[in-house]
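Presented below is the structure to which this report refers.
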Amino acid sequence: MPEFRTTPGFRDLLPPASTRQRAFVDVFAGLVERAGYDLVVPPMLEDIGVFERLGKATDVVTKEMYDFVDKGDRHVVMRPEQTASLCRAFVEHRPPTPWKVWYAGPNFRYDRPQRGRYRQFDQVDVEVLGTDDPEADVEVISLGWRLYEHLGLRQVTLAVNSLGAGDDKARHLEALTSFLSQHAGDLSTLSRDTLARNPLRVLDSKRPDDAEIVAAAPTIDQFWSDESARHFDAVLAGLRAIRIPFVVQPRLVRGLDYYVRTAFEYVGGTLESAQNALGGGGRYDGLVEALGGPPTPGVGFALGVDRTLLACDDEGVFPPPSRSVDVFVVDTTGGRHATVLADRLRASGWHVERSFDSRSMKSQMKSADRSGAEVAVIIGADEAASGTAVARPLRTDADQSTVELDVLEQHLDSILTTVAPVRDASR
RNA sequence: GUGGGCGUAGCUCAGCUCGGUUAGAGCGCCAGGUUGUGGCCCUGGAGGUCGGGGGUUCAAGUCCCCUCGCUCACCCCA
């Protein structure tokens with residue numbers, strides 16, 4: 001074993017996983033930017049206060065944060081999520097509303113790593129701040145859904161609920177707490193602990209022992225105010241209007257206090273474990289205010305990149321993009337010709353590779369083959385002396401030919417267009 | 001934080017049950033067969049503190065203890 005390794009829960013992303021992750025973010029960025037969302041890049045380090053406003057479940061949550069005191073005696077934290085950072089940025093800069101933004105980047109949580117969960121993990125998210133129009137909820141939910149469609153995932157379920165707001169949310173919580181307390185004896189030990197900490201989350205229990213009590217517990221839909229019901233109906237109607245299928249799930253909850261009204265989750269169909277949520281979000285109308293800003297409604301979602309890619313693996317979709325090398329320059333005269341020619345051909349827009357260390361022609365040809373290049377351009381002593389190069393197709397039976405260096409591009413064009421249909425249009 | 005599985009070559013693993021010469025295979029890498037040409041094939045080569053420490057023993061990759069790491073699940077999930 002090497003002396004130094006990544007610390008627990010952290011990892012190096014190497015190809016092809018790294019290129020696939022970037023391709024994933026590219027798909028996401030293209031999708032949301034077409035919808036008018038702008039990139040905002042908040043720092044990874046925040047004052048811990050930003051995340052202590054997330055609600056009373058904070059005690060538990062704090063234990064899983066990467067926090068420390070820096071050299072200036074500031075208590076800081078590697079951000080555990082992006083939404084609160086973006087809301088902090090909103091308060092700090094007060095941009096015009098509605099503020100439609102997206103971001104993709106790493107977050108940190110100090111918990112035990114397992115499948116699809118690392119201490120540093122990437123999420124992509126969108127947020128809309130400054131409007132409580134239910135159509136904004138619909139737009140946000142649709143963007144997540146369309147992303148899964150673009151990726152080719154078919155076994156994703158959209159679950160939606162309304163958590164209510166203000167009085168109706170409070171009355172439901174009261175009724176739920178009282179009901180669960182009365183039946184605490186019938187709950188699993190673990191759920192009794194959860195009840196003491198965060199009663200809403202008991203509804204999320206997947207333990208068979210709890211099924212009966214959870215099924216009988218009062219659900220939020222019995223407590224909705226007219227306003228909450230109207231908002232939720234509008235969201236559902238909007239989803240129907242753009243033909244996005246959903247399941248209303250009255251027991252869907254969110255762990256943090258700031259969520260109100262719309263809550264939703266995208267649930268994967270292939271991950272059979274207790275954590276099959278690929279992503280989720282909802283309305284957080286009180287968060288900006290809690291961070292010291294003006295009353296500002298907000299809605300957004302965050303999707304776990306690792307978990308979504310795992311779901312892609314399970315469904316056999318979204319493979320990593322393959323490199324397509326156009327030309328491999330083989331130079332047996334020391335390598336300088338390869339340097340010059342590679343530079344020249346790259347400037348013309350081709351994907352060009354070469355080898356180093358003056359290796360044998362056989363070795364360089366082998367590298368050329370393995371690079372996947374369409375054509376090997378070979379320069380040996382004879383070619384160097386006569387100002388020519390040999391162009392040898394590697395993927396067809398066509399003969400190689402010797403061409404003058406000043407017409408090399410033309411020649412490559414003629415053989416590459418028949419072999420490789422599209423060349424980089426930006427050249 | 002709790003529990004299970006696993007740590008042997010760059011990678012995937014065999015060897016451990018029942019301790020016994022220089023610790024193996026496939027893939028990958030390098031070179032040669034072909035003194036200027038990839039793929040397929042053949043030959044050769046480099047590459048190992050058997051995760052680390054301690055113990056038992058004449059002898060430990062193999063048995064025992066501890067430890068670190070990986071992994072899966074639970075807990076938690078913003």
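Every chain is numbered from 1, with letters handed out A, B, ... down the list of sequences. Excluded from the calculations below are hydrogen atoms, water molecules and symmetry mates; all remaining heavy atoms, backbone and side chain alike, are included.
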A/M365 CE to B/U35 P, straight-line distance once rounded to whole Å: 15 Å
Contact nearer the 5' end of RNA chain B, comparing A/V253 with A/L190: A/L190
A/G116 vs A/D204, nearer the 5' end of RNA chain B by closest nucleotide: A/G116
Any A/R109 side-chain nitrogen or oxygen under 4.0 Å from OP1 or OP2 of B/C75: no
Whole-Å P distance, B/U17 and B/C75: 38 Å
Polar-atom pairs under 3.5 Å, protein N or O versus N or O of nucleotides 26-29 of chain B: list them with distances, or write none.
{"from": "B/C29", "atom 1": "OP1", "to": "A/R370", "atom 2": "NH1", "distance (Å)": "2.1"}
{"from": "B/C29", "atom 1": "OP2", "to": "A/R370", "atom 2": "NH1", "distance (Å)": "2.4"}
{"from": "B/C29", "atom 1": "OP2", "to": "A/R370", "atom 2": "NH2", "distance (Å)": "3.4"}

Flag for A/R359-A/S367: side-chain donor and acceptor within less than 3.5 Å: yes
Sugar-phosphate only, base, or nothing, as touched by A/T83 at under 4.0 Å among non-hydrogen atoms: nothing
Aromatic plane relationship, A/H172 with A/F223 - under 30° parallel, 30 to 60° tilted, over 60° perpendicular: tilted
Sugar-phosphate, base or nothing in reach of A/Q82, heavy atoms under 4.0 Å: nothing
Anything under 3.5 Å between a protein N or O and an N or O of nucleotides 1-3 of chain B, put it in a table, one pair a line.
{"from": "B/U2", "atom 1": "O4", "to": "A/R112", "atom 2": "NH1", "distance (Å)": "2.9"}

Base partner of B/U34, which must satisfy Watson-Crick or wobble distances under 3.5 Å: none
Whole angstrom value for the distance that separates P of B/A78 from CZ of A/F121: 11 Å
All ring-ring contact (aromatic ring centres under 6.0 Å, His included) counterparts of A/W145, not counting sequence neighbours: none
Any residue meeting side-chain hydrogen bond (donor to acceptor under 3.5 Å, both in side chains) with A/D47, in chain and number order, not counting sequence neighbours: none
Min side-chain heavy-atom separation A/V160-A/T262 under 4.5 Å: no
Nearest heavy-atom neighbours spanning A/E374 and A/L416: CB-CD2, 3.6 Å
Span that lies between the P atom of B/G48 and that of B/C64, in whole angstrom: 29 Å
Rounded distance in Å - CD (A/E64) to C1' (B/C74): 13 Å
Worked check of side-chain contact (heavy atoms from CB on, under 4.5 Å) between A/L176 and A/L203: CA-CA 9 Å; A/L176 177 69; A/L203 293 179; 4.0 Å; yes
OP1 or OP2 of B/A31 under 4.0 Å from side-chain N/O of A/S363: yes
Assigned partner base of B/G19, Watson-Crick or wobble definition, under 3.5 Å: none
Sugar-phosphate only, base, or nothing, as touched by A/E265 at under 4.0 Å among non-hydrogen atoms: nothing
Donor/acceptor link under 3.5 angstrom from A/Q364 side chain onto base of B/U37: no
Identified pairing partner of B/G7, criterion: Watson-Crick or G-U wobble below 3.5 Å: B/C68
Length of the CD-P vector between A/Q114 and B/C77, whole Å: 13 Å
A/E174, CD: over 12 other non-hydrogen atoms inside 6.0 angstrom: no
Same-atom distance (P) from B/C77 to B/G4, integer angstrom: 25 Å
Any strand: nucleotide that pairs with B/C40 via Watson-Crick or wobble, under 3.5 Å: none
Distance between C1' atoms of B/U62 and B/C50 (Å, rounded): 10 Å
CG on A/D204 to OG1 on A/T194, rounded to 0.5 Å: 9.5 Å
Spacing between A/K206 atom NZ and B/A73 atom C1', to the nearest angstrom: 15 Å
A/F232 six-ring face occupied by A/R261 cation (under 6.0 Å, within 45°): no
Touch class at under 4.0 angstrom, heavy-atom based, for A/D193 against every strand present: nothing
Candidate pair A/D285 and A/R283, rule salt bridge (charged side-chain N to carboxylate O under 4.0 Å, His left out), full reasoning: CA-CA 6 Å; A/D285 294 346; A/R283 258 200 180 279; 2.9 Å; yes
From CG (A/L195) to CG (A/L200), nearest 0.5 Å: 11.0 Å
Nearest-angstrom distance, C1' atom, B/G7 to B/G52: 11 Å
Scan nucleotides 68-70 of chain B against the protein and return all N/O pairs shorter than 3.5 Å with their distances rounded to 0.1 Å.
none

Base partner of B/G48, which must satisfy Watson-Crick or wobble distances under 3.5 Å: none
Sugar-phosphate only, base, or nothing, as touched by A/S367 at under 4.0 Å among non-hydrogen atoms: nothing
Whether A/W99 and A/F90 hold their rings parallel, tilted or perpendicular, with breakpoints at 30° and 60°: tilted
Pairwise C1' distance for B/A14 and B/C27, with rounding to whole Å: 15 Å
Partner nucleotide of B/U2 by Watson-Crick or wobble geometry (both distances under 3.5 Å): B/A73
Whole-angstrom distance between B/G53 and B/A9, as gauged at atom P: 16 Å
Among B/G33, B/G36, B/A78, the one nearest A/P80 by side-chain distance: B/A78
Set of ring-ring contact (aromatic ring centres under 6.0 Å, His included) partners for A/F10, sequence neighbours left out: A/Y66
Interatomic distance where CE belongs to A/M361 and C1' belongs to B/U37 [whole Å]: 6 Å
Inter-nucleotide P distance (B/C11, B/C63), Å rounded: 23 Å
A/E212 atom CD, neighbour heavy-atom count above 12 within 6.0 Å: no
Value in whole Å for how far the C1' atom of B/C77 lies from CZ of A/R115: 18 Å
Gap between atoms CG and C1', on A/L394 and B/U37 respectively (whole Å): 9 Å
